[in-house]
Number of protein chains: 4
Amino acid sequence: MMLGAMARSYPQLVRGRPRDEEADVALVDATLALLAEQGYSGLRMEAVAARAGVAKATLYRRWPDKVSLTIAALSRIPELPAVDTGSLSGDLAALRDAVVRLFKTTRLASVLPALAAERVRRTSASAKIDAFIRTRYQPWIAAIERAIARGELPRTSADPVLIADLLAGVMMQRVFFTGGRVDDKAWKTVVDIVVKGLRAAASSPGG
Amino acid sequence: MMLGAMARSYPQLVRGRPRDEEADVALVDATLALLAEQGYSGLRMEAVAARAGVAKATLYRRWPDKVSLTIAALSRIPELPAVDTGSLSGDLAALRDAVVRLFKTTRLASVLPALAAERVRRTSASAKIDAFIRTRYQPWIAAIERAIARGELPRTSADPVLIADLLAGVMMQRVFFTGGRVDDKAWKTVVDIVVKGLRAAASSPGG
Amino acid sequence: MMLGAMARSYPQLVRGRPRDEEADVALVDATLALLAEQGYSGLRMEAVAARAGVAKATLYRRWPDKVSLTIAALSRIPELPAVDTGSLSGDLAALRDAVVRLFKTTRLASVLPALAAERVRRTSASAKIDAFIRTRYQPWIAAIERAIARGELPRTSADPVLIADLLAGVMMQRVFFTGGRVDDKAWKTVVDIVVKGLRAAASSPGG
Amino acid sequence: MMLGAMARSYPQLVRGRPRDEEADVALVDATLALLAEQGYSGLRMEAVAARAGVAKATLYRRWPDKVSLTIAALSRIPELPAVDTGSLSGDLAALRDAVVRLFKTTRLASVLPALAAERVRRTSASAKIDAFIRTRYQPWIAAIERAIARGELPRTSADPVLIADLLAGVMMQRVFFTGGRVDDKAWKTVVDIVVKGLRAAASSPGG
DNA sequence: GTCTAACCGAGACGGTACGTCCTGTCTTAGT
DNA sequence: ACTAAGACAGGACGTACCGTCTCGGTTAGAC
């Protein structure tokens with residue numbers, strides 16, 4: 001059969017015993033579980049390997065440090081809903097709900113600021129953190145861009161990323177720093193302010 | 001001599017050798033220096049004591065853990081300018097400048113998210129972190145309240161804390177997570193959106 | 001009392017918490033026990049620390065490597081009998097008995113060749129091994145010197161160390177390499193050959 | 001061609017790909033080189049395979065442990081000269097020279113005591129070590145037996161093995177333990193003492 | 001000409017020990 | 001009751017080898 005012949009014509013490029021893919025899964029699962037239990041600063045490489053039933057070397061062969069491992073584990077969490085609900089307020093409500101639910105049902109809320117701290121330190125892992133955050137942040141930006149395309153937000157408006165930062169920022173500020181709640185009422189207020197502000201700014205630019 | 005007599009008239013309440021107050025200063029200075037150099041996760045209690053030229057026990061006698069020590073060190077950084085520049089945009093520009101300058105000239109930007117991570121973990125230190133952040137965040141809230149008092153922002157407007165979170169949040173989001181710059185132009189845009197949004201929301205409440 | 005005053009006038013020269021002398025004893029005892037059980041190549045630093053009920057750092061603080069630790073442990077074994085039995089044959093019988101008994105009742109026989117192997121490698125530990133062997137070998141040389149002093153061996157005889165090497169050598173050769181027994185009869189024969197050989201060589205030098 | 005025909009007439013008894021005989025040579029050579037460089041305790045199976053350009057499994061398929069491998073490597077060293085020089089002193093001088101030269105030009109001197117240590121531990125490898133030493137020790141015993149046959153040593157003399165142990169023993173003692181030199185003068189003295197001692201003991205038995 | 005069996009290099013695997021580092025506590029002598 | 005100094009138990013770090021295994025691929029005799 002064609003596929004068989006094709007597969008045979010692309011032989012294994014790396015030699016030697018292939019890596020055990022079950023180990024990957026077990027390690028990532030163990031990491032995620034331990035992150036949820038102990039938070040990032042309580043994550044121990046030895047504990048990860050032990051819980052995964054894997055030798056330490058097998059762990060280090062895959063991820064050289066805690067940051068890489070953590071990002072691999074977080075990547076298993078399903079992305080934020082990228083679905084188009086048809087309206088900006090609907091999209092933003094969905095995004096808020098997803099974030100709030102994740103942080104309410106797990107202790108993963110401590111992981112993101114921990115990674116942010118590492119990112120700021122400008123270590124070798126900074127780039128990986130950057131890339132991860134960029135990927136996961138995409139749904140927020142996409143929601144804004146859809147709103148502009150729909151005409152919900154003025155076309156002459158500010159940078160979509162800045163608008164996303166304004167909306168996501170208030171949530172992060174409350175969740176991570178001040179501890180304020182981001183309930184439905186507060187979120188509606190925020191969205192209202194930002195949408196009306198953008199429209200007003202578009203019709204009378206400048207201060 | 002007067003001072004001697006005064007000292008003698010207020011005798012030490014606790015017996016034994018009094019604590020060396022120079023040690024406090026040396027420890028806090030060492031902590032701040034090491035935080036700036038290595039970030040929070042690179043801060044070592046041993047290194048702090050060594051750089052301060054102080055025994056480890058002396059350090060632990062004053063601060064029981066890394067969080068307390070870090071907060072004590074951060075408390076040496078002058079507060080954000082609480083001065084009233086006379087206008088909201090002036091106040092906010094001053095606040096932004098102070099934060100951006102601090103994070104540009106030192107590597108202290110990694111400390112706040114690190115503390116946030118500890119805070120979320122709900123350790124015994126959470127309360128201290130909460131209190132510290134609340135104190136340091138006050139100037140932002142005060143600026144909003146002054147603007148409302150001045151009439152720059154509508155009196156029927158949203159919770160001043162929420163407005164402050166919106167403004168500070170976009171900055172934190174960019175500095176800590178997405179890495180976007182918070183330059184003068186972006187800041188002006190943000191302030192413009194928020195102010196106009198608040199006014200519009202006040203005149204036509206609801207969505 | 002004089003001694004008390006004297007002690008007080010020589011204050012502790014090293015500062016800080018003094019080393020726990022019980023740990024020294026526990027470590028050396030554990031080492032000796034493990035050497036007897038597992039031999040030199042089976043000796044594990046972790047096992048020593050664990051059996052002594054001591055942290056690994058405490059072990060490494062005292063002895064930087066396995067060789068040093070082993071020598072410290074062997075030094076706890078009482079020296080060979082240095083007593084003067086009054087005759088060369090008596091002295092040599094006593095020395096033989098002591099060595100044979102030690103190697104029959106323990107498995108320490110593997111330790112000396114292991115150290116010899118390290119000695120030959122000319123590592124940093126070679127000097128320590130040299131010094132240990134020299135000390136422990138002294139009774140053999142002393143026995144020869146006493147015999148010369150007594151007139152049992154000719155005064156014009158060969159180097160006492162060479163004679164000792166001849167006698168001890170045949171024992172080591174059998175115990176460590178060829179596996180031959182060094183029983184009373186063989187030992188008497190050896191001593192007889194060496195003594196008579198020395199006397200004959202003294203009376204008619206050269207080949 | 002003859003050889004081909006001969007090979008064909010003795011077909012392989014086992015099926016499958018035959019072992020690569022070059023690998024044997026490369027492994028043994030690599031082992032010997034590494035033993036000379038690092039000594040027995042510094043010998044690493046991985047290093048042997050790597051230097052031989054061979055997979056680890058190929059090494060383990062041939063020799064199950066370090067002792068077997070080491071013995072195989074040592075077996076490549078030419079045996080001690082078994083030639084009959086016509087006199088005992090000549091034979092012994094030749095034997096001494098061969099041993100001293102080997103240990104001066106290589107660091108193989110550490111290997112024999114290391115094997116001795118393993119032998120004493122009575123592991124599964126003890127028998128192999130015993131056999132190797134016995135084979136290699138044969139020339140010493142043969143030299144003594146030739147001397148007895150020649151009449152150089154008394155026919156009623158002690159066990160030839162014991163005499164050989166006496167002579168070889170003093171050398172091993174010095175080389176491995178006390179570090180004394182075995183130069184020409186010392187060796188002549190030793191041989192003189194032993195020969196004269198044997199003759200004297202034969203003419204007047206007992207102490 | 002397959003088929004089967006044992007080999008081959010490469011390198012991942014579970015496991016164990018290494019020697020170092022740091023934490024938070026404790027024990028000295030001395031202030 | 002404090003101080004500096006530094007030892008202590010405990011525990012995690014990241015690395016190095018061990019001996020085994022699992023791949024794809026090779027090389028022979030047997031069928």
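So you know, we letter chains A, B, ... as the sequences are listed, proteins then strands, and number each from 1.
- Residues in residues 52-61 of chain A take part in these salt bridge (charged side-chain N to carboxylate O under 4.0 Å, His left out) pairs, two or more places apart or across chains: A/Glu46-A/Lys56.
- Take D/Asp29 and apply the salt bridge (charged side-chain N to carboxylate O under 4.0 Å, His left out) test, not counting sequence neighbours, and it matches D/Arg76.
- One can place CH2 of C/Trp63 at 14 Å from P of F/dA7, the figure rounded to the nearest angstrom.
- Here D/Arg19 reaches the OP1 or OP2 of E/dC7: one of its side-chain N or O atoms lies under 4.0 Å away.
- The salt bridge (charged side-chain N to carboxylate O under 4.0 Å, His left out) search around D/Arg44 returns none, not counting sequence neighbours.
- Distances were taken from every side-chain heavy atom of A/Arg17 (C-beta onward) to each of E/dA6, F/dC8, E/dA12; the shortest belongs to E/dA12.
- Atom CD of C/Gln38 and atom P of E/dA17 are 10 Å apart (whole Å).
- C/Arg19 meets the salt bridge (charged side-chain N to carboxylate O under 4.0 Å, His left out) test with no other residue; sequence neighbours excluded.
- Atom-to-atom, CG of D/Asp65 to P of F/dC17 comes out at 19 Å; the value is rounded to the nearest Å.
- One atom, NZ of A/Lys66, and another, C1' of F/dG14, lie 13 Å apart when rounded to the nearest Å.
- Between the P atom of F/dC8 and the CD atom of C/Glu21 lies a distance of 11 Å, rounded to the nearest Å.
- A distance-only check finds a donor-acceptor pair linking the side chain of D/Thr70 to the backbone of D/Lys66 [under 3.5 Å].
- With sequence neighbours excluded, the residues forming a salt bridge (charged side-chain N to carboxylate O under 4.0 Å, His left out) with A/Arg121 are A/Glu118, listed by chain and number.
- Rounding to whole angstrom units, CG of residue D/Asp20 and C1' of F/dA28 are separated by 13 Å.
- Following rounding to the nearest Å, C/Leu69 (CG) and E/dA17 (P) show an atom-to-atom distance of 16 Å.
- For DNA chain F, the residues of residues 41-62 of chain A within the heavy-atom distance limit of 4.0 Å (strictly under) are A/Arg44, A/Met45, A/Glu46, A/Lys56, A/Tyr60, sorted by number.
- Going from atom CG of B/Leu27 over to atom P of F/dT3 covers 10 Å, rounded to whole Å.
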